[in-house]
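Start at 1 with the first residue, then count along the sequence. Hydrogens, waters and symmetry mates are skipped; everything else that's a heavy atom, side chains included, is used.
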Amino acid sequence: EQALRNAYIAGTGVLYTYWDDRIKTGLYADEAHTTPIQGDIACEVLDIENVYFGDPNLYDVQSQPWIILAQRKSVEELRREARRNGRPEADVDAITADRDTGYMAGDRADEEPSESRKATVLTKFWKEWDRNGGTYRIKAAVAVKGAVIRKEWDTGLRLYPLAAFRWERRRNCAYGESEVTYLIPNQIAINRMITASVWAVMMLGMPLTLVNRDLIPYDRITNDPGQIIDVDAGGDDLSNALRYVNPPNFSPAFDNNISSLINNTLAQSGANDAALGDIRPDNTSAIIAVREAATMPMQTVQNRFYSFIEDVARIWAEFWVTMYGSRRLKIEDENGVWYLPFDGEKYRDMLIAVKIDVGASTLWSEIQSVKTLDNLFGQQIISPLQYLQRLPKGTVPDLNGLIREMQEADRAAQEQAAMQANGMNAGMNAQTVVEGLPPEYRQVFDGLAPEQQAAMLAEIGVTG
């Protein structure tokens with residue numbers, strides 16, 4: 001969501017994935033639970049102004065020769081990281097707060113308290129090709145001004161751990177174009193028109209006043225309504241003593257033009273009533289039709305966002321096969337919770353394909369959902385238990401408790417019915433049961449061996 005908002009405002013949203021070896025996974029490498037497994041994927045949304053591409057003319061992030069990330073971190077955190085990476089104390093002591101922070105997007109570096117000043121840390125990723133130029137390795141290094149946090153190391157990845165989402169594409173450019181860029185002229189026009197409308201209303205209610213100082217002293221004029229003003233006019237015309245400046249005529253169509261400009265701007269941006277939730281969700285078919293029409297202007301943006309999510313998934317898969325090692329993965333599905341044995345080395349040379357499948361969500365209200373459930377229950381298509389399980393949350397107090405009580409009652413009724421059936425069958429004579437079979441079933445039964453006949457009768461509780 002944050003990357004999506006950054007793309008809308010600044011043109012490009014960036015998600016940076018890194019390996020944090022301090023994350024506790026709750027898993028263990030042995031059955032005795034004595035060796036805990038630590039380390040997992042962590043993500044951070046970066047401002048595009050703090051991401052520097054090696055070739056700004058390349059649109060594809062993975063085609064960049066190198067990428068530099070700029071981040072603001074506390075001095076104490078950077079010193080701890082340097083010690084974890086085995087840096088000498090001289091480098092650790094050289095990590096100090098920046099005096100000149102320069103420009104950092106989204107960061108109020110100049111307003112940092114003196115006791116918690118931060119330093120700008122640069123992380124560089126680059127491709128190191130082999131001699132034949134056929135394969136490469138992604139390497140990285142971390143440094144601040146005057147010190148190295150972590151020396152050059154091989155990440156083991158085949159992809160840059162960076163995914164970028166552009167709101168609008170620019171030809172031959174690594175940076176995207178913001179939606180706000182095209183809205184600025186319309187917003188300026190709307191602001192001017194609203195300002196003119198407000199000014200016209202104020203001028204009608206509080207017009208400018210012209211006062212003849214020769215006839216009326218200045219201190220006698222106030223803004224009090226119904227004020228009585230003494231005028232020393234003599235033989236002069238009183239209309240020249242005080243009068244209001246009539247404002248120009250204001251057309252009622254002016255407000256209509258403002259509304260029309262606002263509505264057209266929203267419609268062309270895809271922000272219509274269906275997208276904003278300003279429609280009455282009573283007719284599901286109409287809502288689906290309106291939603292499809294509403295999302296048409298946003299379809300290309302949606303496709304780029306889905307591609308961005310696929311890039312993130314591919315990067316995470318790279319971390320799985322290179323950093324996870326041998327561990328069990330927690331799986332939650334229709335079978336419950338279970339743990340899958342996983343060894344990243346087995347999947348190291350496999351090509352991982354990613355496809356995002358996005359389905360439409362329901363837009364109608366809870367009232368419409370309850371009405372639909374009422375109709376299904378009234379036509380006996382669903383049972384009372386199925387009805388309660390599908391009610392919206394908060395409709396019935398302690399809904400889960402009610403469902404649990406009904407399930408227990410149904411289970412008790414089934415057990416009682418089974419006991420009664422077994423009791424009835426147990427009291428029946430085997431000969432009576434066999435004689436009551438239809439002729440075709442009696443013929444099959446007579447062809448069975450005696451032990452098979454006894455087993456079949458025992459299954460329905462008939463003995464003797």
Side-chain angles (χ1 to χ4, degrees), residues 1 4-11 49 105-106 108 111 167-168 170 176-282 286-287 289-291 293-301 363 365:
E1 182 273 336
L4 181 63
R5 184 175 180 84
N6 286 355
Y8 177 81
I9 296 175
E49 294 89 342
R108 297 182 178 181
E111 301 178 9
W167 189 266
E168 290 287 348
R170 291 183 185 179
E177 188 69 79
S178 167
E179 176 79 8
V180 177
T181 303
Y182 306 105
L183 298 180
I184 290 176
N186 287 25
Q187 190 63 57
I188 292 176
I190 292 171
N191 291 348
R192 287 178 174 175
M193 295 173 71
I194 293 177
T195 301
S197 176
V198 173
W199 177 85
V201 173
M202 292 178 62
M203 289 298 296
L204 287 174
M206 297 179 292
L208 297 177
T209 306
L210 299 180
V211 180
N212 189 337
R213 292 288 185 85
D214 296 333
L215 301 178
I216 305 175
Y218 182 76
D219 55 356
R220 296 183 185 179
I221 303 297
T222 66
N223 289 329
D224 296 334
Q227 179 187 3
I228 299 176
I229 303 173
D230 297 331
V231 179
D232 300 328
D236 296 334
D237 187 3
L238 292 179
S239 62
N240 296 327
L242 184 148
R243 63 186 177 89
Y244 294 108
V245 177
N246 294 325
N249 294 330
F250 188 75
S251 174
F254 197 77
D255 289 335
N256 296 335
N257 292 335
I258 297 176
S259 300
S260 176
L261 182 56
I262 293 175
N263 293 333
N264 289 335
T265 302
L266 291 174
Q268 294 301 320
S269 301
N272 54 21
D273 292 341
L276 298 176
D278 293 337
I279 61 175
R280 292 187 59 187
D282 295 334
I287 292 171
V290 173
R291 178 185 60 189
T295 56
M296 286 302 296
M298 303 292 295
Q299 191 61 49
T300 57
V301 180
L363 293 182
S365 65

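Under the salt bridge (Lys or Arg N to Asp or Glu O under 4.0 Å) criterion, Glu179 pairs with no residue, sequence neighbours left out. Scanning for side chain to side chain donor-acceptor pair (under 3.5 Å) contacts around Ser178 gives an empty result, with sequence neighbours left out. By the side chain to side chain donor-acceptor pair (under 3.5 Å) test, Asn263 pairs with no residue at all, sequence neighbours left out. Here Thr181 pairs with Glu177 under the side chain to side chain donor-acceptor pair (under 3.5 Å) rule; sequence neighbours left out. For the ring pair (Phe, Tyr, Trp, His ring centres under 6.0 Å) test, residues two or more places apart in sequence or in another chain that qualify with Phe254 are Phe250.
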Less than 3.5 Å apart, which donor and acceptor atoms pair up between the side chains of residues 190-200 and the rest of the protein, not counting sequence neighbours?
from, atom 1, to, atom 2, distance (Å)
Asn191, OD1, Gln187, NE2, 2.9
Asn191, ND2, Gln187, O, 3.3
Thr195, OG1, Asn191, O, 2.7
Ser197, OG, Asp255, OD1, 3.2

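Taking both residues in full, the closest heavy atoms of Gly176 and Arg170 are given as O-NE, 3.6 Å, listed atom of the first, atom of the second, then distance.
Note that the CG atom of Leu261 and the CD1 atom of Ile258 stand 8.5 Å from one another [nearest 0.5 Å]. Once rounded to the nearest 0.5 Å, the distance linking CG of Leu4 with CH2 of Trp167 reads 5.5 Å.
A 6.0 Å sphere centred on CZ of Arg5 holds no more than 12 heavy atoms belonging to other residues, nucleotides or ligands.
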